[in-house]
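Below: one structure, written as C-alpha cells.
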Amino acid sequence: MIDNLADAKDVITLIAALSAIYIGFAGLNTWKKQLKGKVEYELSRRILKGTLVYRDAIKAFRSPFMSTSEMPIPPDEKRDKMTPDQQSYYGLAKVYEERWKSISKARETLYPDELEAEALWGDGLKPLLKTLFNLEHELLISVRHHLQLVNPDTHPKTKETIEKIDAKRRDILCDMSDETQNQTDVFQTDINEAIDKIADYLKPHLKG
C-alpha cells in the first residue's frame, strides 16, 4: 500500500513537472509571438512615417515659390567676378541644393528600416520602395537638366542636347497642383500611389 502511494506521488510529481514545462514553453512561444508582433508593428510604423516624410520633402522641393531669403547671394569675392545672370544662377542652384538635402536625409533614414524589413519579410517591400526611389531619380535628372539649361556658362551645344532629351521626358520640376482649380499634379499622384501601395503592404503588421 505504501509502495503504491509512493509510486502515485512520483507520477503526480512527474505530471506536475511536465505540465510546468509545457506551460513554460507555451508561455515562451506566446511571448515570442508578442515580441515579434511588437517589433513588426514598430518597424512598419517607422517605414510608413518615413515614406510620408520623404513625400513631403519631395513636395517641398518642387514648390514653385522661392522667397528672396531662400535664395542666397554669392560671397563678395565671387560676386565681384560674376555677371548678373551668373549671380542669379548661383542663388537658384543653392536653393535646389538645400532643398535636396531634405530628400536625401529622408531616404537615408529609410535605409536601415528597409534592410530590417528585408531581414524579417524577404523582398516583398523592395520593389515597392524602388518605385518610389525611381520617381526621386526622375526628379533628380529633371533638376539637373534645368540647372544646366539656365546656367549661363553651359555650352550652347550641351543645352541643345539637353533640350532634345527633355523633349521626350515629362516636365516634373514644379508642382502644378492647384486646389482652387481642382487641378492635380501627375507626378505627385505617382508619389502618392507608390506610398499607398507601401501602406497596403504594411497594413497586416500595423494591427498591433
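FYI, the numbering just counts along the sequence from 1.
A continuous path of Ile, Leu, Val, Met, Phe, Trp and Tyr side chains, each step under 4.5 Å between heavy atoms, connects M66 with L139, placing both in one hydrophobic cluster. One hydrophobic cluster, built from ILVMFWY side chains closer than 4.5 Å, cannot hold both I162 and V150; they sit in different ones. Using a 4.5 Å cut-off between side-chain heavy atoms of Ile, Leu, Val, Met, Phe, Trp and Tyr, with links allowed through other members, I172 and V143 fall into the same hydrophobic cluster. Residues V53 and I198 do not share a hydrophobic cluster, defined by chaining ILVMFWY side chains whose heavy atoms lie under 4.5 Å apart.
Applying the side-chain hydrogen bond (donor to acceptor under 3.5 Å, both in side chains) rule to pairs touching residues 146-161 yields Q86-D153, sequence neighbours excluded.
Using a cutoff of 4.0 Å between basic side-chain nitrogens and carboxylate oxygens, D200 and K203 are scored as salt-bridged. Salt bridge K59/D56: absent, no basic N to carboxylate O contact under 4.0 Å. Between E98 and K101, at least one side-chain N (NZ, or NE/NH1/NH2) sits under 4.0 Å from a carboxylate O, which counts as a salt bridge. Taking the charged nitrogens against the carboxylate oxygens, K94 and E70 have no contact shorter than 4.0 Å, which rules out a salt bridge.
Judged by distance alone, the side chain of T109 and the main-chain N or O of K105 form a donor-acceptor pair under 3.5 Å. With hydrogens and angles ignored, the 3.5 Å screen pairs no side-chain donor or acceptor of R62 with any backbone N or O of A57.
Rounding to the nearest 0.5 Å places CZ of R169 at 10.5 Å from CG of D171. Going from atom CD1 of I195 over to atom CG of L129 covers 10.0 Å, rounded to the nearest 0.5 Å. Annotation: the span from I103 atom CD1 to L140 atom CG amounts to 8.5 Å, rounded to 0.5 Å. Taken from CG in L128 to CG in D196, the straight-line distance is 11.5 Å, to the nearest 0.5 Å. Within the model, atoms CD of Q87 and CD1 of I73 stand 8.0 Å from one another, a figure rounded to the nearest 0.5 Å. Annotation: the span from R144 atom CZ to L149 atom CG amounts to 14.0 Å, rounded to 0.5 Å.
The two residues S44 and L202 make their nearest non-hydrogen contact at O-CD1, 3.6 Å. Between Y201 and P204, the shortest heavy-atom distance links the atoms O-CD, 3.3 Å. Closest approach of P127 to G124, counting heavy atoms only: CD-O, 3.6 Å. Scanning all heavy atoms of the two residues, the minimum distance from L135 to F187 falls at O-CZ, 3.3 Å. Contact between L110 and T51 at its shortest, heavy atoms only, is CD2-N, 4.0 Å. Residues L147 and Y89 share a closest heavy-atom pair of O-CE1, 3.2 Å.
With sequence neighbours excluded, the residues satisfying ring-ring contact (aromatic ring centres under 6.0 Å, His included) with Y54 are F133. By the ring-ring contact (aromatic ring centres under 6.0 Å, His included) test, F61 pairs with Y96, W100, sequence neighbours left out. Scored by the salt bridge (Lys or Arg N to Asp or Glu O under 4.0 Å) test, E118 finds K126 as partners (sequence neighbours excluded). Judged as a side chain to side chain donor-acceptor pair (under 3.5 Å), and not counting sequence neighbours, E114 has no contacts. For E116, the side chain to side chain donor-acceptor pair (under 3.5 Å) partners at least two apart in sequence or on another chain are R46.
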Task: Working for side-chain hydrogen bond (donor to acceptor under 3.5 Å, both in side chains), residues D85 and T83 - done: CA-CA 5 Å; D85 285 344; T83 66; 5.3 Å; no
Task: CA sep, side-chain torsions, deciding dist, call: L206, E40, side-chain contact (heavy atoms from CB on, under 4.5 Å) - done: CA-CA 8 Å; L206 286 167; E40 292 185 339; over 6 Å; no
Task: Criterion side-chain contact (heavy atoms from CB on, under 4.5 Å) on H145 and I165, from CA distance to verdict - done: CA-CA 9 Å; H145 284 189; I165 295 171; 3.8 Å; yes
Open item on the list: If you apply the rule side-chain contact (heavy atoms from CB on, under 4.5 Å), what do you find for M71 with S88, and how did you get there?
Closed with: CA-CA 9 Å; M71 194 173 293; S88 177; 5.5 Å; no
TODO: Applying side-chain contact (heavy atoms from CB on, under 4.5 Å), run through L120 and V39 and close with a yes or a no.
DONE: CA-CA 10 Å; L120 284 174; V39 168; 4.2 Å; yes
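The shortest side-chain heavy-atom distance between E136 and R107 falls under the 4.5 Å cut-off.
With respect to Q188, the side-chain hydrogen bond (donor to acceptor under 3.5 Å, both in side chains) criterion is satisfied by exactly one of N192, T184, D185, D190: N192.
More than 12 heavy atoms of other residues, nucleotides or ligands shown are found within 6.0 angstrom of CZ on R170. Within a 6.0 Å sphere centred on CE of M176, heavy atoms belonging to other residues, nucleotides or ligands number 12 at most.
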